[in-house]
Amino acid sequence: MPERKTVLITGGNAGIGLAIATEIAKSGAQVVLACRNQNKAVQAREKILSVSPAADAQIYPLDLASFASIKKFSSLFLADHSTLDVLINNAGASPMKQQFTEEGFELQFGANYLGHVLLTHLLLPALKNVADARIIHLASIMHNFGRIDFDSFRGVKKYSGFTAYCQSKLANLLFSNELARRLPSSITSNAVHPGGVDSDIYNEWPKIVHKVIKPFLITPRRAALLIDKMALSDEWRGITGKFKSAHGPLPVSHSSRNAELARRLYEESCRLTGITPL
């Protein structure tokens, strides 16, 4: 019998993350929920077990808005796990008012993107110990409205939550593509647009906006089924550098395919996080 795979999901306590964790657990893989809110993480674990009573669902504290938290989490995880089969960089925030990470980065750039850059690199030792390791990044069709403004990473005077969100999702996609070029062949990197999913990310949006778009949103499970396939199916073995959608057509911006922009952002991100580029 093959060994049970380990799948780590950031922000696996609600919305898409919980739906992904639930589907992954059904397959028999070990699920690791890396979450900022531990109370919600415990509740999420209980929901997973209610669906799959024999599931192995572990909980670790992780705040992607804090480099110290990311480093502490990575140390704890690597002490407990020598291998990691799948890393799903899912967690994200979408505040309408400007907020900042512990290191002073604009929150959406810092937590949605930069924190995942640091986390991914710190977990590479466990990913490299697997013959078919996979990294999946939650990007978005909204990356088409984004641009990388290198002067905005630590905040701007006139803040737009929408602009910041789109930039973070473009950065996620560029990161995925750059990893696909740099990683060894045993580790793949792909991105996914989960679709317009009715999840907690809309909580801070104006209620009238949420009311208008709600009829067009899909369930988190629909997105989770695609991500579960990307994470565990033989169909996705060895496939890298792709961007897939769980919901409708997927236009892809020229910026996301700009290899020079991806290289520049990646190297600057490594500098900001204090890690050595691949």
Side-chain angles (χ1 to χ4, degrees), residues 5-13 17 20-21 24 29-38 41 58-93 100-105 107-139 153 168 171-191 231 240 262-263 265-278:
K5 290 188 175 183
T6 299
V7 180
L8 193 162
I9 307 167
T10 65
N13 60 292
I20 297 168
I24 295 290
Q30 178 185 74
V31 177
V32 178
L33 306 177
C35 308
R36 183 175 57 85
N37 188 318
Q38 290 297 281
Q58 302 181 356
I59 299 171
Y60 286 79
L62 171 64
D63 182 356
L64 285 159
S66 164
F67 287 177
S69 175
I70 296 168
K71 291 174 182 177
K72 182 177 181 180
F73 162 79
S74 300
S75 294
L76 290 172
F77 178 83
L78 293 175
D80 295 339
H81 302 80
S82 60
T83 61
L84 175 60
D85 296 271
V86 185
L87 169 61
I88 302 177
N89 289 326
N90 162 76
F100 296 90
T101 68
E102 193 172 275
E103 288 73 30
F105 297 102
L107 182 64
Q108 297 196 65
F109 175 81
N112 297 4
Y113 165 69
L114 198 60
H116 280 121
V117 172
L118 177 58
L119 175 69
T120 300
H121 282 78
L122 293 178
L123 294 179
L124 280 177
L127 289 162
K128 288 180 177 178
N129 284 337
V130 177
D132 174 29
R134 306 179 189 186
I135 305 172
I136 301 172
H137 311 261
L138 271 288
F153 296 168
S168 74
N172 289 151
L173 184 50
L174 288 166
F175 179 47
S176 178
N177 292 341
E178 189 66 11
L179 283 182
R181 286 187 280 268
R182 292 176 181 250
L183 286 170
S185 59
S186 62
I187 308 175
T188 61
S189 175
N190 294 290
T240 195
R263 180 202 63 76
L265 176 63
Y266 173 74
E267 292 182 355
E268 176 64 7
S269 300
C270 289
R271 186 187 70 81
L272 293 173
T273 53
I275 53 183
T276 302
L278 296 172

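Residue Asp63 holds its CG atom at 11.5 Å from SG of Cys35, rounded to the nearest 0.5 Å. With values rounded to the nearest 0.5 angstrom, Asn112 atom CG is found 8.5 Å from Leu64 atom CG. Annotation: the span from Leu8 atom CG to Asn89 atom CG amounts to 8.5 Å, rounded to 0.5 Å.
Side chain of Ser186 to backbone of Ala131: no donor-acceptor contact under 3.5 angstrom is found. Side-chain atoms of Asn129 never come within 3.5 Å of backbone atoms of Thr83 as a donor-acceptor pair (strictly under, hydrogens ignored).
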Show me the donor-acceptor pairs, under 3.5 Å and distance only, between side chains in residues 70-80 and residues at least two apart or in other chains.
from	atom 1	to	atom 2	distance (Å)
Ser74	OG	Ile70	O	2.8
Ser75	OG	Lys71	O	3.1
Asp80	OD2	Tyr60	OH	2.6

Side chains of residues 173-180: which donor-acceptor partners sit under 3.5 Å, not counting sequence neighbours?
from	atom 1	to	atom 2	distance (Å)
Ser176	OG	Ser189	OG	3.2
Asn177	ND2	Leu173	O	3.4
Asn177	ND2	Ser256	O	3.0
Glu178	OE1	Arg181	NE	3.2
Glu178	OE1	Arg181	NH2	2.9
Glu178	OE2	Arg182	NE	2.6
Glu178	OE2	Arg182	NH2	3.1

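The distance between the ring centers of Phe67 and His121 does not fall below 6.0 angstrom.
Partners of Ala68 according to the side-chain contact (heavy atoms from CB on, under 4.5 Å) rule, which considers only residues two or more places apart in sequence or in another chain, are Ser66, Glu102. Remark: Phe153 engages Phe109, Phe150 in a ring-ring contact (aromatic ring centres under 6.0 Å, His included) (not counting sequence neighbours). Scored by the side-chain contact (heavy atoms from CB on, under 4.5 Å) test, Ala171 finds Tyr113, Ile148, Leu265 as partners (sequence neighbours excluded). The side-chain contact (heavy atoms from CB on, under 4.5 Å) search around Asp85 returns Lys5, Thr6, Val130, not counting sequence neighbours.
Screening Leu124, Val117, Thr120 for a side-chain contact (heavy atoms from CB on, under 4.5 Å) involving Ile275 leaves a single residue, Val117.
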